[in-house]
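Residue numbering restarts at 1 for every chain, and letters A, B, ... go by the order of the sequence lines. As a basis for the values below, the full set of heavy atoms in this structure was taken, side chains included, without hydrogen atoms, waters or symmetry mates.
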Amino acid sequence: MKATPLSNCERRFLLRALQEGKRLDGRQCYDYRNVRVSFGPDYGCCVVELGKTRVLGQVSCELVPPRPNRPTEGILFFNVELSPMAAPGFEPGRQSELLVELNSLIERCLRNSECIDTESLCVVAGEKVWQIRLDLHVLNHDGNMIDAASIAGIVALCHFRRPDVSVQGEEVTVYTPEERDPVPLSIHHMPICVSFAFFQQGTYLLVDPTEREERVMDGFLVIAMNKHREICTIQSSGGIMLVKEQVLRCSKITAVKVTEITEVIQKALENDQKVRKEGGKFGFAESIPNQKITSFKMGSTAVDTNNVEEQAEEIITKAEPPSEVVAKPILHTPGTAQIGEGIENSWGDLEESEREEAVEEESESEVTAFECQKRESEDTSTMKETKEDEPIVLSDSEEEEVVILEPQELPKKTRTQTNSKQENTSKKACNRKRRKKRAAH
Amino acid sequence: MAAGSGVAAEACVGQVVLPGDVLLLPAHPDEDGEQLRLGASVAPRGRLLCGPGLRRCAAGLLVTKCGLLRHRQPSGGAAAAGGAYWVDSQQKRYVPVKGDHVIGIVTAKAGDVFKLDVGGSEQASLSYLAFEGATKRNRPNVQVGDLIYGQFLVANKDMEPEMVCIDSKGRSSGMGIIGQDGFLFKVSLGLLRKLLAPKCEVIQELSQLYPFELVLGMNGRIWVKAKTVQQTLIIVNILEACEYMTADQRKQALAKLSGH
């Protein structure tokens with residue numbers, strides 16, 4: 001498809017607004033949009049939202065023979081893709097200039113800055129090294145894809161865990177994630193790109209341009225820096241002449257922005273680490289709010305007035321209608337609580353005595369779960385999460401198979417009641433059923 | 001193709017329907033045509049209008065879009081059969097429909113014809129003679145990148161859509177080239193239909209704030225012009241935010257603005 005053309009009145013309006021110092025979304029000239037980082041269930045998968053621009057980053061690794069001229073270094077491979085869902089002008093399989101520019105910027109920012117220690121990726125010198133592959137997919141284009149992509153790249157790399165390896169003489173053992181905890185990559189620093197847009201031959205400067213602003217800009221400057229104020233890469237495009245003071249000013253602004261963004265990233269990484277360690281729910285499903293028809297929500301709609309900006313913003317940011325559901329925590333054992341529901345727990349190891357029962361239960365639960373899902377999909381408007389009026393305290397015993405049902409039904413299930421419970425579960429109507437299988441250690 | 005038997009259409013009005021659902025229409029009243037009916041008790045066979053998101057199938061109506069089912073009684077009174085059913089769905093991508101008034105952006109001038117981008121899969125064509133008072137000598141002053149408000153004369157899936165800026169009588173009735181100032185932005189189609197409803201609250205409340213000019217195109221594009229850039233931006237932000245705000249939140253936001 002062709003990209004939507006920019007009309008003359010939009011262009012004129014944007015430039016006029018800029019001369020008065022106003023931006024479309026109410027930001028100041030040096031303001032960044034909200035950066036939001038969310039992680040997927042696997043290590044190394046993250047989505048970064050910069051306003052409405054969304055980039056997905058995914059890291060994977062593989063053991064390969066090293067490059068002949070660098071036998072003791074691992075291999076890094078970066079790939080940026082513009083998904084056709086990002087903008088109407090993006091088509092699959094077409095190498096546009098923009099894509100080439102993005103790829104080269106990300107390469108320079110992450111590879112030439114040597115933020116990843118490639119020596120630590122070596123397993124057997126000259127024979128086996130780790131190849132780390134970073135894939136960035138742009139999911140939505142609302143301006144400033146470079147910044148979002150660089151943040152997604154570095155966050156995914158920091159989040160990623162590779163399998164642990166041990167070398168004993170000639171023998172190399174690669175441990176699976178179940179045998180030994182996977183190991184994070186060795187990252188020296190976090191380079192982040194910050195983009196600047198210039199208008200009217202360099203008179204006006206905007207940080208973090210949106211898609212409209214990018215269309216009317218004259219020149220473009222990208223500075224990649226880390227929080228130690230080291231510049232990793234600089235690129236200026238658009239063919240306008242930049243004065244020395246402007247570039248210095250931009251680098252100062254970059255230093256401030258990079259510190260802020262690095263803080264956001266660190267906090268997000270720590271939160272995710274904490275949630276995983278505590279065994280809570282993590283993944284994309286948790287970061288998308290449900291109970292909304294349009295889950296693509298506007299973070300804060302800044303209404304553009306001088307005096308009432310804070311007040312109006314405050315009202316509008318709290319504007320999401322409060323969800324009716326308050327999930328009550330379920331106390332499994334003292335010290336372990338569950339809030340909300342999640343995917344089926346798949347503890348693989350079951351003891352022999354529980355195995356037959358488990359097989360029966362599993363096939364049956366799959367059937368009922370499928371039925372429930374079917375009914376759920378037909379009934380989306382009236383669907384509410386099950387409300388629990390009081391926290392259900394389950395038994396301490398780890399030997400029991402526990403089925404969590406509606407409060408009307410029996411919350412607990414013991415071995416002796418296995419048969420009757422199987423009948424009951426098949427008669428349930430449109431309720432969500434959660435199962436928790438305890439692995440007998 | 002339909003999963004299971006259908007549901008009666010009246011039962012589903014105001015509920016969410018999904019593509020593939022079959023809606024059964026009320027059975028025709030004169031099934032047993034043996035009896036003679038006299039006088040006013042003749043059941044009228046009204047015309048049932050099958051609106052967007054629905055398609056006729058053997059059993060009744062087949063739903064093709066997901067959304068809320070709506071129904072409107074025909075104007076003949078409650079007893080008249082027929083009426084209109086349609087599905088209110090959330091959509092941003094526009095499909096040209098004959099008779100729709102849209103805002104197009106001129107992308108090319110090819111001899112006698114302008115090519116406009118209307119947000120659909122094909123560009124629409126607009127003849128230079130389709131303006132009020134245009135003749136071969138007196139051509140309209142249209143440049144590439146201008147905005148045009150017109151309606152579709154031809155819009156189906158087999159042909160390139162054609163637009164005109166005059167109605168059937170030859171008058172422009174508000175259509176034509178939109179002025180140079182102002183700002184154009186895009187919203188979802190559902191919000192736009194809400195704004196186009198007669199006596200729309202949003203527009204009435206906004207008009208209490210400042211005077212402004214507004215053009216609403218059915219393809220999701222809105223053009224706004226107010227006296228200053230500031231006021232224009234406020235209106236743009238409020239209209240974009242209306243999609244996600246309830247009526248009370250909107251009233252609060254506007255009250256704050258009008259207070260200052």
Enter the distance from Ser7(A):OG to Gln180(B):CD here, rounded to the nearest 0.5 Å.
10.0 Å
Engaged part of Arg11(A) at the chain B interface, taking heavy atoms whose separation is under 4.5 Å:
neither
Evaluate the side-chain proximity of Arg221(B) to Thr4(A): yes if any heavy-atom separation is below 4.5 Å, no if none is.
yes
Does the Asn8(A) side chain pair with the main chain of Val144(B), one donor and one acceptor, at a distance under 3.5 Å?
yes
With side chains defined as the heavy atoms from C-beta onward, is the minimum distance between Ile178(B) and Cys9(A) less than 4.5 Å?
no
Against chain A, label Asp181(B) side chain, backbone, both or neither, depending on which of its atoms sit under 4.5 Å from a heavy atom there.
both
Minimum heavy-atom separation for Arg212(A) to Phe185(B), with atom names?
NH2-CA, 3.7 Å
Heavy-atom closest pair (Leu233(B) atom, Leu24(A) atom, distance to 0.1 Å) is CD2-CD2, 3.5 Å
What are the two closest heavy atoms between Phe13(A) and Gly182(B), and how far apart are they?
CB-O, 3.6 Å
Let me know if Leu184(B) has heavy atoms under 4.5 Å from chain A in its side chain, its backbone, both or neither.
both
